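Encoded as structure tokens, the structure appears first; notes follow it.
Predicted model, so just to flag it, every value in this text is computed and none were measured. Read the numbers this way: they start at 1 and go in the same order the structure lists the ligands and their atoms.
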Amino acid sequence: MHESHQASGIPVTLPGGLVRLQELAHNLWWSWQPEARRLFEGIDPILWQLTHHNPVKLLQDVKPERLTGLNEDPVFIRRYSAVLKSYDDYMAASSTWFSSHSPQSPQTLIAYFSAEFGIHNSIPIYSGGLGILAGDYCKEASDLGIPLVALGFMYPQGYFHQRISPEGWQEAEYEPFNQVESPIDVASTPSGSPCLVRIEMPGRTVVAVVRQIRVGRVRLYLLDTNVTDNAPGDRELCGRLYGGDQEVRLRQEILLGIGGVRVLRALGLAPSVWHVNEGHSAFLILERLRELVQAGHSYAEAAAHVRQSTAFTTHTPVPAGHDVFPRDLMDPYFQGYWDQLGLTREAFLELGTHPDSPDAGFNMTALAMRMSGHVNGVSREHGRVSRGMWRSLWPGLPEEHVPIRSVTNGIHAPTWIAAEMNELYSKYLGPEWTEHVDDPAVWQRITDIPDGELWAVRQALKRKLMSHIRDRARAGWLQGTLHASQALASGTLLEPEALTIGFARRFATYKRASLIFSSLVRLQHLLHDPWRPLQIVFAGKAHPADEPGRLFIHQVYSFCKDHGLGGRLAFLEDYDMHTAKYLVQGVDVWLNTPRPPMEACGTSGQKAALNGVPHLSVLDGWWQEGYDGANGWAIPSAQNASDADAQDREDAEHLYRILEQDVIPLYYTRDRDGIPRGWLQIVKDAIRTTAPRFCARRMLKEYMELLYTDSTQRASPRQTS
Ligand SMILES: *Cc1c(COP(=O)(O)O)cnc(C)c1O
């Protein structure tokens, strides 16, 4: 017997032998299993492409005759049975890394709260790096057998799709979230009723229903207020990710933090560790304090318990990335609440006060830092910067003793690796390489891969990217969304043989997307070289309210449209996980030019390196600890430049020099067989040094050791009293 799926979607009728395809489609496990992906693709390769690799939609749209045919096709049935067997073995979880390393911790349950999760493109509940990290986190926790439940939001009003107008301006299009086409099910309480929670807001109670997504062995629960019991304004409360004004944002964070704790209680779950992934969910701390005080503990006892069982990860040194709510905005929402904590208004507001700016309001990061026993930044450098940024919360402590550690981010390798590279690694590193992805010894074998074979795969991946770019342009043309004047900018003239740089990231000003345009003459020279041409593919969104970011896109897009630059620049609209995969797998070099120290970690360069795409980056974020002199290129940023412009000029000079003297000559130096031996040496070094250190497996194990272990072993006041 297999669990039935209360899918909210349209019922799909599958022939008897294939009924479990539906179950496979409703567990995102398929998304990082090459065999499962191939199985769905094999059902209808064109439809697979048209649905952007969404098996739920594929099963809804595929012709019944096709399914009947497959049901009688012994080859398909054999593959289907093999995939089901690996799925069942995986889900049975008899021996995992966690079960063999922590057999003494049967009580361990980690609750991981995040405002966004990037699990797969078909579930549009993420905006960028933070969400994708959270998604990778869940997948790796699943792979390691770590008991973890995740909590987040549905964003029913939709996902922000980026369109670029013929004039080069970013336009935001919101596509309503079509749950029917997503692997989202209703979450039930232990008694079998649909799970819902209530959260008090001024003058009313808001109801949220709870949905769930299966991510391998991990469940992700999502709050959704779009139910008829709620007033229209409340129904739209979690409408959009990071949309709305400050008050909407406050309500969303109350829902996520306070509502989230109530969801877990309604589901009968008792987490031993509560992980606040970025400050958005920090109100969970207040709700847990309230529960303990209401159960009869003193505030001091409650605070001590909450502290020892809470972990907090801060993700950015950019000040605007930290939510601060004015006190008069807080008042109506928390009047009455502070009484339940046994606190006065002043003492309550004090919990979120940043000593450097006491009048600014209630700072979510300050709350989380104060009340979490374990705090970390997301790279060594970011840990250091964060200790400086938040040191006033620990008055009297020297900066180096401020208790903010670092756990450098990493990526879920099976999600980001190209199928073709995966095959190569399986052949030369061993079929179980993903199980040992964090073991440097495994990666020493990268030298066994013959250059010719590696080069052939790299070339194939680039051709795949180019054909994806052309397919998109053609589709846009047919649908009338691509104007004739945009054909050039969309990349139709790109050349698969030319050295191709990828630059894809959020268009925040500190990422300095236009640095490479500092000297047009010099850039033009590189682009126009008929023997050793360079081309660049850009992608990335700006927050719709970020005017400087939109202006950056406009600038870059104008260059991409410029005939004088020979069609060697392209801007891919609507950067998302789907596009990101083609880019990090298909280009030759990954470029990153943030203004240090603003890049907390960065993960796209890690994805690229895993696929044999070396990093050319300013020494910031993960690259500070990842660069070893031979595994890519570093721009030694001018930290002591007199001003930002001077810094830009110096950094651009370095960038051009590295391209002119190192990157381009090396790429085009070929042996008699046409193979760039020197280049492939860097490719191999990039893979060998990056893969084991910047993978999510290493990251999760570090979190388990640093943040979770001692808190899971400590008893809670409830159990001891
Ligand atoms: C990986 C990824 C990011 C984060 O990349 P950074 O290097 O942090 O900029 C953002 N968006 C998408 C779609 C990604 O895949």
Presence of salt bridge, Glu423 and Arg38, under 4.0 angstrom: yes

Rounding to 0.5 Å, atoms NZ (Lys607) and CD (Gln585) come to a distance of 10.5 Å

Could you tell me if any non-hydrogen atom of Gln606 lies under 4.0 Å from any atom of ligand 1? no

Which residue owns the protein heavy atom closest to atom 2 (C) of ligand 1, what's the atom, and how far is it? Lys607 NZ, 2.5 Å

Measure Trp416 to ligand 1 on non-hydrogen atoms and call it side chain, backbone, both or neither using the 4.0 Å cut-off. side chain

Would Asp143 and Arg217 pass as an ion pair if we require N to O under 4.0 Å? no

Classify the angle between the aromatic ring planes of Trp623 and His615 as parallel (below 30°), tilted (30 to 60°) or perpendicular (above 60°). perpendicular

What atoms in ligand 1 come closer than 4.0 Å to a heavy atom of Met577? 13 (C)

When you compare the side chain of Leu28 with that of Ile213, does any pair of heavy atoms fall below 4.5 Å? yes

Give me the residue, atom name and distance of the protein heavy atom closest to atom 11 (N) of ligand 1. Tyr575 CE2, 3.5 Å

What about Arg506: any of its N or O atoms under 3.5 Å from an N or O on ligand 1? no

How close does the nearest protein non-hydrogen atom get to atom 4 (C) of ligand 1, and which residue and atom is it? Gly129 CA, 3.5 Å

Strictly below 4.0 Å, N to O, side chains only: are Glu171 and Arg163 in salt-bridge contact? no

Would you mind listing which atoms of ligand 1 come within a distance below 4.0 Å of any non-hydrogen atom of Arg505? 7 (O), 9 (O)

Measure the distance from atom 7 (O) of ligand 1 to every protein heavy atom, then report the residue, atom name and distance (to 0.1 Å) of the closest one. Ser604 OG, 2.5 Å

Validation row: Thr689, Arg693 side chains within 4.5 angstrom (heavy atoms): no

Quick check on side chain to side chain donor-acceptor pair (under 3.5 Å): which of Lys511, Gln624, His382 does Glu599 satisfy it with? Lys511

With heavy atoms of Thr603 as the reference, note each atom of ligand 1 found under 4.0 Å away. 1 (C), 4 (C), 5 (O), 6 (P), 7 (O), 8 (O)

Determine, using heavy atoms of Trp622 and all atoms of ligand 1, whether some pair is separated by less than 4.0 Å. no

Return the residue, atom name and 0.1 Å-rounded distance of the protein heavy atom closest to atom 12 (C) of ligand 1. Ile132 CD1, 3.2 Å

Contact partition for Lys511 relative to ligand 1, non-hydrogen atoms under 4.0 Å: side chain

Under 4.0 Å between heavy atoms, the region of Asp576 that gets near ligand 1 turns out to be backbone

Taking atom OG of Ser379 and atom CZ of Phe694, what is their separation to the nearest 0.5 Å? 9.0 Å

